[in-house]
Amino acid sequence: MTDNAINTPAQPRPLAAGLLWTGAALLLLVALPQVFPGRAAVSTLNYLGTMALFALSYNVLLGRTGLLSLGHATFFGLGGFIASHAVLAMADAGWSFPLPLIPAIGGAGAFALGIFGGWLASGRGGMPFAMITLGLAELVFAAAALFPSIYGSEEGIGIDRMDLGASFGLDYASAADIYAIVAVWLALCAAGLWFLAKTPLGLLMTAVRDNAERVEFLGFSARRIRMSAYAVAAGVAGVAGSLAALNFEIMTVHELGAGTSTLVLLMTYIGGTRHFLGPVLGAVVIGLMKLWLSDISPAWMMYFGLLFVFVVMAAPGGLAGILASGIGLARSGTLGAQAHLLGAIAAAGAIAFAGIVVLVELGYRAGLDAALGPDITVLGLGLNTQSAGSWALGTVLLLVGAAALRPLNARLADLRHSLAKTGETA
Amino acid sequence: MTAALDIRGLKKAFGPVEIIRGVDLEVRKGERHALIGPNGAGKSTLFHLISGRLAPTSGQILFEGRDIAGHAPAEICRAGLSRSFQITNIFPEMTVLENLRCAVLWKLGHRYSILRPVSGLADVAEDCARLLDQLRLSHRRDARADSLTYPEQRALELGLAVASGARTLLLDEPMAGMSHSETAQALRLIMEVTEGRTLLMVEHDMGVIFEMADRISVLVYGQVIATGTPEEIRRDPAVKEAYLGSTEEAA
Ligand SMILES: Nc1ncnc2c1ncn2[C@@H]1O[C@H](COP(=O)(O)OP(=O)(O)O)[C@@H](O)[C@H]1O
Ligand SMILES: [Mg+2]
């Protein structure tokens, strides 16, 4: 939060702004597959849309209600399994059920399970909540091994999404058909969550995040509010899991494991929990990192971790927070005065980052991937893990960049301080 | 006529230490009742017991004839008794308006509704506007609660207690830490917003107490040693001994 946001009264948030956002979002959803055609690209969009919805559901807990769930993948996975079994059973029975409505079944199932889980987990917030959600998730994961007929064994439960036949004029053979399903569910659920945030229950969720005890002294049950948030988050996660099942045509226990729970936590946090679309941003950025970076570097998990550490330490508002302060900066009219320093900071940051990349890649090649030989090209530079010069280059870049950042940041703070002062007197 | 609050033989121990040692206290309907006593006497603890934050070790708390001892805070609030806190206890990251909206939702029957946006609820808007006006916080409507000045935060704290529409209010040192002029203003505010309700208030400022209270109870070391009109309390030898005497010497 910037000081501006605190002190300036009543930023107008009229209907027009809401319509503008909605229009832009819908336009984007329609335009994306046109801009990125091709089966692989659309399949990627499906994955990103699914994860965006998953992260949005998680933020009902983390950002809205201030609850740290360590087991949100449970409902993503269970939703996906419920959807898969629904497809299998109905295909078996020869029913013609429209495929696009399958996520409603997965979502409803996850919602019902979420009510039960929420009832168990919601007595208190904070640490007890986190621990109970972790325990429940581990329980469900362990139970999966006991019921191979439900969860499949190693290879999971496979479906053929075309088994239910065509509906709505689509036969669901192509990724583009699935994109239509993903886009509509994403838009519907996002709109629903947006609306929820505006209702009395949504306001009370924020109140529980802010001061759960006080809510009780106003006549409300904080437990019931947490439980509602939990069930809603579970239901939407179930929809996302169902979409994943339709997209990949396979569900494995991996989808409801700790790795997936961690992934959605990181996506949401890195994207920014205090902006409605922050989780979407996080899901897209992390999702793309996962897909692309894993192709070009064995160390992609490392960069992922570094990004997380950077956000936690330097930008707790997440990527959305950075974006918002950028927009605030552009609107403040002082961007010109700060441009030279911001440019210098960006350059210093890029140099330090280049140093990190060089060192990380050298490290991976020297260690894990030593079998590939000592020669490696990083950022267009021909390096060698056995040459001291290569390591020195990385170290120097990192140190020079980092050393330059500190005084530059201090000067920026000074400049902003004086700009704020002149702004006040003007 | 049943009393608003009738407390009988109330005790509260933290481990081996008994802090409330058999309190008997009656607050009549519609009266402004002050609770005074030295620091650490157990005034806040007594409020916690009445409002459900703490469960008593033994004893009865009859609110309008019904025993509420050990009940949950939410239940007690819904029954018509609400409170403010000595240490400001508001929603810091929400705006003043949002704070008040939370406080009126139950009373107006919206509860956990998901049917309509809060901003579209006419009764909520009307009630909040009236409260903002009463609390002199209209100009701060959209400011985050943690950006308010101290007296403004105390006004909001009071507002949350009042907004719930309770017939009986417990106010724990609503004017603590305020300057002289701020206190006078806060007192006027409290008199105004508690009009027609029952009030039990902890306060240290003797000037304030003798001005506003119909009756006063003196809590010393976990027991009520006297209850009476300001005149009676002023003359009570036990009170003089235990409390007023010592503060007069200190002053
Ligand atoms: N949770 C607790 N555990 C142990 N002792 C407590 C607790 N709460 C209050 N006390 C003690 O009870 C006594 C009365 O506190 P309090 O009710 O806050 O006094 P007052 O409001 O009259 O100044 C103090 O001595 C305090 O240390
Ligand atoms: Mg006290």
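Nothing here was measured: the structure is a model prediction, and the numbers come from that model. Numbers restart at 1 for each chain; the letters A, B, ... are given by sequence-line order, proteins then strands.
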Practice task
Compare all side-chain heavy atoms of A/Phe195 with those of B/Ile114 and state whether any distance is below 4.5 angstrom.
Solution key: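 Contact flag for A/Phe195/B/Ile114 side chains = no.
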Practice task
With the side chain counted from C-beta on, respond yes when B/Cys77 and A/Phe217 share a heavy-atom pair under 4.5 Å apart, and no when they do not.
Solution key: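 Not in contact.
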Completion exercise
Correct closest heavy-atom pair for B/Ser113 and A/Pro200 would be O-CD, 3.4 Å
Handout entry: Heavy-atom pair with the smallest gap, counting every atom of A/Asp210 and B/Met94
Key = OD2-N, 3.2 Å
Problem - Nearest-0.5 Å distance that lies between atom CG in A/Leu218 and atom CG in B/Leu160 - result: 6.0 Å
Practice task
Starting at CZ of B/Arg83, measure out to CZ of A/Arg214 and round the result to the nearest 0.5 Å.
Solution key: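 These two atoms lie 8.0 Å from each other.
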Side chain, backbone, both or neither of [X] within contact of chain A (heavy atoms, under 4.5 Å):
X: B/Leu97; value: neither
X: B/Ile76; value: neither
X: B/Arg116; value: backbone

Problem - Greatest number of heavy atom pairs closer than 4.5 Å to chain B - which of A/Val215, A/Thr206, A/Thr199 - result: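 Greatest number of close heavy-atom pairs with chain B: A/Thr199.
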Problem - Residues of residues 42-58 of chain B with any heavy atom under 4.5 Å of a heavy atom in chain A - result: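 Contacts with chain A: B/Ser51, B/Arg53.
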Heavy atoms from other residues, nucleotides or ligands near [atom1] of [X] exceed 12 (cutoff 6.0 Å):
X: B/Arg78; atom1: CZ; value: yes
X: A/Arg124; atom1: CZ; value: no
X: B/Gln60; atom1: CD; value: yes
X: B/Tyr150; atom1: OH; value: yes
X: B/Glu152; atom1: CD; value: yes

Exercise for the section: Without swapping roles, check the side chain of A/Asn211 against the backbone of B/Ile90 for a donor-acceptor pair under 3.5 Å. Expected result: yes
Exercise for the section: Could you please spell out the steps behind the side chain to side chain contact (heavy atoms under 4.5 Å, CB included) verdict for B/Leu105 and A/Phe220? Expected result: CA-CA 9 Å; B/Leu105 280 176; A/Phe220 295 95; 3.6 Å; yes
Problem - Audit row: A/Arg274, B/Glu93, side chain to side chain contact (heavy atoms under 4.5 Å, CB included) steps and yes/no - result: CA-CA 11 Å; A/Arg274 290 301 174 89; B/Glu93 295 188 9; 2.7 Å; yes
Problem - Among B/Ala74, B/Ala163, B/Ala79, residue most engaged with chain A (heavy-atom pairs, under 4.5 Å) - result: B/Ala74
Handout entry: Region of A/Leu203 in contact with chain B, defined by heavy-atom distances below 4.5 Å
Key =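 Contact with chain B involves both backbone and side-chain atoms of A/Leu203.
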Handout entry: Candidate pair B/Tyr112 and A/Ser221, rule side chain to side chain contact (heavy atoms under 4.5 Å, CB included), full reasoning
Key = CA-CA 10 Å; B/Tyr112 308 98; A/Ser221 155; 3.5 Å; yes
